[in-house]
Amino acid sequence: MDVDKQVAIFMQGAEYGDDALKAAMAKDLRERLIEAEKEGRPLRIYCGYDPTKADLHLGHTVTMRKLRQFQDFGHEVTFLIGNFTSLVGDPTDKDKLRPILTAEQIAENGRTYAEQAFRVLDREKTKVRYNADWLSKLTFEDLIHLSSNFTLQQFISRDNFRKRWDNNDPVYLHETFYAIMQGYDAYHMRADVQVGGTDQLFNIVTAARKLMTSKGVKPNVGITMGILPGTDGEIRMSKTLGNHIPINSGAKDMFGKVMSIPDKAMPVYAKLCTRWTPQDVEEFEKAVLGGTIHPRDAKMKLAFEITNAFYTDEEAENAKKAFVTQFQKGAVPDDIPEYKLKTGETFIDVMKNSGLVASGGEARRLVKQNAVKLGDELISDPNQEFPKAGILKVGKRRYLKVK
RNA sequence: GGACAGGUACCCAAGUGGCCAAAGGGGUCUGACUGUAAAUCAGAUGGUAUACACCUUCGGGGGUUCAAAUCCCUCCCUGUCCA
């Protein structure tokens, strides 16, 4: 297999914030590929996942997509569940300490996590491992040796510690163990390549490489993936921020949510979430920026590819069709909730009782805003008795079949 | 244990006796426009109510007052610093 082609594919979407580092990593990767081929073995790749939450969204799948690419070239992929590291929580992630989960919760989350991940990864070719299997066996003495590879300055100069330090926000001692544990994982598994987000740059490149070197093994190559922005197109995708695209909520939802990203976010999504080759992505980006493809059509193409990467051809096709019918043609979608009209109910009653709106006030407001239609007829008096069965439309997206 | 700073609506944040259902921003929703749920512009955004109005809400509880997010007491919680 052509080594340079592999390098191009594997480095696609990787970001280091530093061109020299990127070039160095690409070079390392190339050498490692050649070396492994000589030894007649596949590369060992892994990425660690935090099992404290169980709902995956597109952002989590960026690294999985990367792992999948390695799999497709016959390399050995380990899906590592960080059931031990989750005791600490990644300091990169949040300023709050994580709630400590029970072993059972973590095991359960780990399972559902892996299950969702197999929408991207090849189940047959994926090893699932838990880092508590080795980390929990380390002694205090081991920890002293491991941590003697690092200085406090190295940690404090990290951006996320630095900021908190400057703000007088707490920086806990045990947070520094995170990087050490992650480095030990890489050492224990003798990883050739470790994949992660750019927020993992320090953990992967500095900590893991240094620790592995000190242990006398070849340091892993780090592939740190760019961060996927959420549906707002600006801030990293996260469930807490509500800008996420869950992978388990159905093809239609996924298609629609991708369609709602701002135009300018299309290239990033193409780079991080599709199965396209580097050339495909480049062409797509050029076409979008150059205006040779209509932005709407470009986004449709993108939405279809992303949906199709998680769902079957048929499901993706249906999602696309449903989107076109509902939004482009403004037609009524085929699967809408139904409501049985009771005698004497007003528009407010129907909207409220069917759960279409949360309160009477909201119903009144929507009517006032010309958002409520029965069939083609605009409703102006919310207290009017509901006249007849039909399709009630509220705004662009809410429908109710009243019988 | 001590000192200090805080706890306000979905989130951030202003407000230090009445004009406060509570500024501003974000988010969300709606409308116009369009190329889509993009961008832009406009409006809405506690509940009940046709309306007058009423009810609930500024960490919990108690009090002062005609009137409290605002003053007093007490409790709980969060953070920083010192020990």
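Chain naming here is simple, since letters A, B, ... match the order of the sequence lines and numbering starts at 1 in each.
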| query | Separation of A/H244 atom NE2 from B/G27 atom C1', in whole Å? | reply | 14 Å
| query | Salt bridge check: are A/R41 and A/D192 linked by an N-O gap of less than 4.0 Å? | reply | yes
| Starting at CG of A/N370 and ending at C1' of B/C33, how long is that distance when rounded to a whole Å? | 16 Å
| task | Would you mind checking if A/D2 and A/K5 are paired as a salt bridge, meaning a charged N to carboxylate O distance below 4.0 Å? | result | no
| Distance, rounded to the nearest Å, where A/L378 contributes CG and B/U30 contributes P | 14 Å
| request: Would you kindly give the CD-to-P distance between A/E362 and B/A49, to the nearest whole Å? | output: 14 Å
| Say you pick atom P in B/U65 and the same atom in B/C75; how far apart are they, in whole Å? | 23 Å
| task | With C1' as the reference atom in both, quote the distance from B/G15 to B/G24 in angstrom, rounded to an integer. | result | 11 Å
| No-hydrogen, no-angle side-chain donor-acceptor test under 3.5 Å, A/N220 and A/R32 | no
| said: By the 4.0 Å heavy-atom rule, please label A/K352 as base, sugar-phosphate, or nothing. | reply: sugar-phosphate
| query | If you measure from the P atom in B/G61 to the same atom in B/U8, how many Å do you get, rounded? | reply | 16 Å
| query | What orientation do A/F323 and A/F255 show, parallel under 30°, tilted 30 to 60°, or perpendicular over 60°? | reply | tilted
| task | State whether A/E115 and A/R123 are salt-bridged, where the test is any N-O pair (Lys NZ or Arg NE/NH1/NH2 against Asp/Glu carboxylate O) under 4.0 Å. | result | yes
| field | ring-ring contact (aromatic ring centres under 6.0 Å, His included) partners of A/Y46, counting only residues at least two apart | value | none
| query | When the P atoms of B/C55 and B/A69 are considered, how many whole Å apart are they? | reply | 14 Å
| task | Could you measure between the two C1' atoms, the one in B/G59 and the one in B/U78, and give it in whole Å? | result | 11 Å
| said: I'd like to know if A/K137 pairs up with A/D142 as an ion pair, taking the criterion as any Lys NZ or Arg NE/NH1/NH2 lying under 4.0 Å from an Asp or Glu carboxylate oxygen. | reply: no
| query | Could A/K257 and A/D253 be called an ion pair, given the rule that one side-chain N must be under 4.0 Å from one carboxylate O? | reply | yes
| said: Walk along nucleotides 35-45 of chain B from 5' to 3' and tag each nucleotide B, S or - by protein heavy-atom contact under 4.0 Å, base first, then sugar-phosphate. | reply: BBBB----BSS
| request: Could you check A/G361 against A/G395 and say which one's nearest nucleotide on RNA chain B is further toward the 5' end? | output: A/G395
| said: Using the C1' atom as the point on both nucleotides, what is the distance between B/U48 and B/U56, in whole Å? | reply: 11 Å
| request: Answer yes when A/D28 and A/R209 have at least one side-chain N-carboxylate O distance shorter than 4.0 Å, and no when they do not. | output: yes
| query | Does A/N383 put a side-chain nitrogen or oxygen below 4.0 Å from OP1 or OP2 of B/U50? | reply | yes
| message | Cation-pi check for A/Y16 against A/K22: NZ or CZ below 6.0 Å from the six-membered ring centre and within 45 degrees of the axis, yes or no? | response | no
| Nearest-angstrom distance, C1' atom, B/C12 to B/U50 | 37 Å
| Which nucleotides of RNA chain B pair, in dot-bracket form (Watson-Crick or G-U under 3.5 Å, | meaning another strand) | ((((((((.[[[..)..(.....]]]((((((.......))))))(((....)))...[[[[[..)....]]]]]))))))).
| field | B/C29 versus B/A13 - spacing of their P atoms, nearest Å | value | 24 Å
| For the pair made of NZ in A/K368 and C1' in B/A51, what is the distance, rounded to whole Å? | 12 Å
